[in-house]
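Note sheet for the following structure.
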Amino acid sequence: MPQSRPRTEPSLIVGPHDQTDRFAYWPRRFQRGGRVLLPGDPNDPAQFIDVRDLARWILHCVTTERGGVYNSTGRTLPFGEFFAACRELVDTVSEPVWVPTERLLATGVDSWMGVPMWIGDPDCAAVNRVDVSRALAAGLTLRPLADTLADILAWDNARGGPAVEGLTAEAERELLGRVGRTVQGWAV
């Protein structure tokens, strides 16, 4: 008797043609240069999966009749590492300005959608700390972050950017002004 079909529970799914602007925002933002508002702390977790890796793995599970329940997302990495990869990709002159979560929340920034990919709600801290070891053991492979970022930026540039940006340049400047000059800029 064949096993049941795999059931996957992905987190943030990213890749070329993602119209949400959550992920493409960051390499595009670093490409623009200047002062870049970075949310939270460099050690805060980020977790996502390239849609192409997810699709390849689901197809592998189906064709090999591998059943089960899996958390199918990427490995957790520090936001600082993610932002450093974005910055390295475009090699622009930028000034990263880390704004602590408490400071962002105090200004009224929405804890889910206020800054792309940032989750400021402390009750949701586990969202970016999902154990994917079972999926990795079942054959999930993940492409290098630099490849995903390069592909997304190329697609984003080719489309001319999003119709509605995740955080406009004006909104970012205004937010940086609200949090004040006392915020320490940490290089990533």
Side-chain angles (χ1 to χ4, degrees), residues 11-50 73-130 145-146 148-150 152-188:
S11 64
L12 181 62
I13 302 171
V14 305
H17 305 284
D18 175 7
Q19 300 292 324
T20 67
D21 196 43
R22 297 170 295 193
F23 196 85
Y25 170 82
W26 290 108
R28 181 178 62 253
R29 177 59 196 92
F30 276 97
Q31 185 177 47
R32 192 171 72 227
R35 294 183 78 211
V36 181
L37 183 149
L38 303 180
D41 180 275
N43 293 313
D44 286 348
Q47 196 169 27
F48 45 83
I49 189 165
D50 189 305
T73 187
R75 293 180 181 90
T76 298
L77 73 151
F79 247 151
E81 185 178 320
F82 171 71
F83 293 136
C86 291
R87 189 177 186 192
E88 184 177 313
L89 172 67
V90 296
D91 195 32
T92 60
V93 177
S94 58
E95 178 190 348
V97 180
W98 285 96
V99 180
T101 293
E102 302 76 31
R103 206 83 199 253
L104 287 170
L105 294 174
T107 65
V109 174
D110 183 282
S111 63
W112 275 91
M113 300 301 288
V115 179
M117 289 182 55
W118 171 71
I119 300 174
D121 185 342
D123 292 336
C124 298
V127 169
N128 287 318
R129 290 185 170 99
V130 176
L145 174 59
T148 296
L149 287 169
I152 287 174
L153 185 60
W155 166 77
D156 188 58
N157 286 336
R159 73 174 174 156
V164 178
E165 192 166 17
L167 184 63
T168 65
E170 180 181 323
E172 180 186 32
R173 277 190 304 276
E174 190 265 325
L175 187 53
L176 282 168
R178 276 195 286 158
V179 297
R181 299 258 183 240
T182 60
V183 174
Q184 178 181 357
W186 298 339
V188 292

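Just so it is clear, the model here is predicted, and its values are computed rather than measured.
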[X]: side-chain hydrogen bond (donor to acceptor under 3.5 Å, both in side chains) partners, not counting sequence neighbours:
| X | result |
| --- | --- |
| Trp118 | Thr101 |
| Glu174 | Arg178 |
| Asp156 | Arg28, Arg159 |
| Arg32 | Glu172 |

More than 12 foreign heavy atoms under 6.0 Å from CD of Gln19: is that the case here?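 Counting other residues, nucleotides and ligands, CD of Gln19 exceeds 12 neighbours.
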Please tell me if the side chains of [X] and [Y] come closer than 4.5 Å, counting only heavy atoms from C-beta onward.
| X | Y | value |
| --- | --- | --- |
| Ile49 | Thr73 | yes |
| Leu175 | Leu104 | yes |
| Val36 | Arg87 | no |
| Arg22 | Val14 | no |

Using only atom types and a distance under 3.5 Å, with no angle test, would you say the side chain of Asp44 pairs donor to acceptor with the backbone of Asp41?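 Pair found, side chain donor or acceptor close to backbone of Asp41.
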If only atom types and distance count, is the side chain of Trp26 paired as donor or acceptor with the main-chain N or O of Leu149 below 3.5 Å? no
Pairs where residues 105-115 contributes a residue and the test side-chain hydrogen bond (donor to acceptor under 3.5 Å, both in side chains) is met, not counting sequence neighbours: none
Give, for atom [atom1] of [X] and atom [atom2] of [Y], the distance between the pair rounded to the nearest 0.5 Å.
| X | Y | atom1 | atom2 | result |
| --- | --- | --- | --- | --- |
| Phe82 | Met117 | CZ | CE | 4.0 Å |
| Arg29 | Ser94 | CZ | OG | 7.5 Å |
| Thr20 | Ile13 | OG1 | CD1 | 10.0 Å |

Side-chain donor-acceptor distances from residues 74-81 under 3.5 Å, at least two apart:
unit_1: Thr76; atom_1: OG1; unit_2: Gln47; atom_2: NE2; d: 3.3
unit_1: Thr76; atom_1: OG1; unit_2: Asn128; atom_2: O; d: 2.9

Over 60° means perpendicular and under 30° means parallel, so tell me whether Phe83 and Phe30 are parallel, tilted or perpendicular.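 Aromatic pair Phe83/Phe30 classed tilted.
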Would you name the heavy atoms of [X] and [Y] that are closest together and state the gap between them?
| X | Y | value |
| --- | --- | --- |
| Leu89 | Pro27 | CD2-CB, 4.2 Å |
| Gly120 | Leu105 | O-CD1, 3.4 Å |
| Phe23 | Thr148 | CE2-CG2, 3.9 Å |

Any residue meeting side chain to side chain contact (heavy atoms under 4.5 Å, CB included) with Ala171, in chain and number order, not counting sequence neighbours: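 Ala171: side chain to side chain contact (heavy atoms under 4.5 Å, CB included) contacts with Leu167, Thr168.
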Just to verify, what does Pro16 make a side chain to side chain contact (heavy atoms under 4.5 Å, CB included) with, not counting sequence neighbours? Arg52, Asp151, Ile152, Trp155
